[in-house]
Number of protein chains: 2
Amino acid sequence: MDADADLAAPAKLMGDPARAAMLTALLDGRSLPASDLAAIAGVAAPTASSHLAQLVEGGLVVATRSGRHRYFSLAGAEVARAVEALQAIAPRRPVTSYAGSRAAKRLAEARSCYDHLAGRLALDLADALVGEGSIEPLGIGQPGSLTDRPGPLAMRLGLDRVPPTGKRPAVRGCLDWTERRPHLAGAVGAHMLGVLLADGLLVRDRDDRGLTPTPEGAAWFATFAR
Amino acid sequence: MDADADLAAPAKLMGDPARAAMLTALLDGRSLPASDLAAIAGVAAPTASSHLAQLVEGGLVVATRSGRHRYFSLAGAEVARAVEALQAIAPRRPVTSYAGSRAAKRLAEARSCYDHLAGRLALDLADALVGEGSIEPLGIGQPGSLTDRPGPLAMRLGLDRVPPTGKRPAVRGCLDWTERRPHLAGAVGAHMLGVLLADGLLVRDRDDRGLTPTPEGAAWFATFAR
DNA sequence: GCGACGATTCGACCGGCATCGAAGCGTCCC
DNA sequence: GGGACGCTTCGATGCCGGTCGAATCGTCGC
């Protein structure tokens, strides 16, 4: 029984900025490889490896090997709850500066989430795809599926010709913090972001994972956005 | 927007054994002077003073002066929740001793959780209150509400005359680690614990946040317990 | 099999912080 | 007002651990 469990051990693990960034990135239940987590945390590969070893040792994170990659994810819902409970008492980020709040708004609109699209635009797209019957409604973290009759939007995005990808589910719901609803992830989600970038409807912002519609993109998005 | 609140700051504060011990000691909502907290944490006075200054600076603890003493207490229920969430994922202590397991059983039965009642007794009470239609069923971490027709149990506990309390929700579900179900927290939960103590149905144990029913209390609890 | 790549281990460097003794400040009691 | 007491500040010490370059191991693609 945990009448007086050693509170300090997990707290110490979460107390390092690099590890905290990793845990936050994993909060939606995704599994990410070590290299991605290193980039997210802003540290070199050896440093990230050390941190991840500690997180695994401490039981906050679990690792699964897949070829030459190792995917890390949170060890359970209790860990996610603890992370969120700490976020609840954490001082809010830059909120004070104009730049900060403008950046936040920009990210809420459209950003990349790992390798797929997130933000309000992603939610609109997911809604439209469900609406036209191209995909089943999304569950959070749950694998979903494409239907066998793709609509015009799905055709435009090339979702009917997504290359097959090993074990990764084609469609998956990924929780979006903007509105706490799932957007489209999985192989199809990744493919979709690729098409949007390749066709010049979206461009990546310079310093973060923000995405901005081009003029053509904005016009196109307006045809189905709320 | 807390898209990326600085998780690491409060976690770092909790990550030191001395500070963790202090926070745990304050978990039941008591206010303790610096000297007591120093003793509990097992450090010298200057060290404790330094730790407490950090906890106050970080917003986890608040201090009130009273003569030549300074009393410290947790800054709010959210801090208590974060501490408990971390305890939930902490490695279990060396609980092999008989004393340890007896204490654990005692705490599982009834204890204070910040300012309200937790443990099996709390779950029984919450069930009974829901059963008699005095409160809506509890969601974890979710605000709930009193119904407009309090039953006899609610009347006995004075839940119909809980003083209004600013922003704090009257009723809230708080996850109980005993059975992973929510018990009654919020202003009503705090009031209920106060009544139980004031009416001599429960007494605080000496060294921890355990609570023990008095003979009258035990008899009364038996009337609705499972 | 050979090169590319992801991940880990090793070793060295260095900053940050927990710790406590001594001293200073304010409050209470007599 | 004098002494005791609670708490804090200051300063010095020592250690833990975060960091990254270089090297190693294992896997994938051709």
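Throughout, protein chains are lettered first and strands after them, A, B, ... in sequence-line order, and every chain is numbered starting at 1.
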Side chain to side chain contact (heavy atoms under 4.5 Å, CB included) filter on A:Glu216, not counting sequence neighbours, yields A:Leu201, A:Thr214
Partner set under side chain to side chain donor-acceptor pair (under 3.5 Å) for B:Ser49, not counting sequence neighbours: none
Under 4.5 Å between any side-chain heavy atoms of A:Leu211 and A:Leu197, yes or no? yes
For residues 192-201 of chain B, which residue pairs qualify under salt bridge (Lys or Arg N to Asp or Glu O under 4.0 Å), counting only residues two or more places apart or in two chains? B:Arg156-B:Asp199
Does A:Pro17 or B:Pro33 map to a spot on DNA chain D nearer the 5' end, using the closest nucleotide for each? B:Pro33
Minimum heavy-atom distance B:Met14-B:Ala20, with the two atoms named: O-CB, 3.6 Å
Is there a side-chain contact (heavy atoms from CB on, under 4.5 Å) between A:Leu26 and A:Leu37? Walk through the geometry before answering. CA-CA 9 Å; A:Leu26 296 174; A:Leu37 289 169; 4.2 Å; yes
In terms of heavy-atom contacts, B:Val79 and B:Gly59 come closest through CG2-O, 4.3 Å
Partner set under side chain to side chain donor-acceptor pair (under 3.5 Å) for A:Glu136, not counting sequence neighbours: none
Sugar-phosphate only, base, or nothing, as touched by A:Phe72 at under 4.0 Å among non-hydrogen atoms: sugar-phosphate
Qualifying residues under side chain to side chain donor-acceptor pair (under 3.5 Å), relative to B:Thr212, sequence neighbours excluded: B:Asp205
Pair assignment for DNA chain D - dot-bracket with | for other-strand partners, Watson-Crick or G-U under 3.5 Å: ||||||||||||||||||||||||||||||
Salt bridge (Lys or Arg N to Asp or Glu O under 4.0 Å): pairs with one or both residues in residues 36-60 of chain B, sequence neighbours excluded: none
Start and end of the DNA chain D segment that chain A contacts, any atom under 4.0 Å from a heavy atom: D:dG17 to D:dC28
Shortest non-hydrogen contact between B:Ala110 and B:Leu121, atoms and distance: CB-CD2, 4.0 Å
Can you list everything that forms a side chain to side chain contact (heavy atoms under 4.5 Å, CB included) with B:Ala38? Sequence neighbours excluded, please. B:Ala48
Using the heavy-atom set of chain B and a strict 4.0 Å cut-off, write down the first and last nucleotide of DNA chain C that makes it in, 5' to 3'. C:dC17 to C:dC28
Which residues, if any, of residues 40-59 of chain A bring a heavy atom under 4.0 Å of DNA chain C? A:Ala45, A:Pro46, A:Ser49
Kindly write out the residues that satisfy side chain to side chain contact (heavy atoms under 4.5 Å, CB included) with B:Pro46, not counting sequence neighbours, or none if the list is empty. B:Ala44
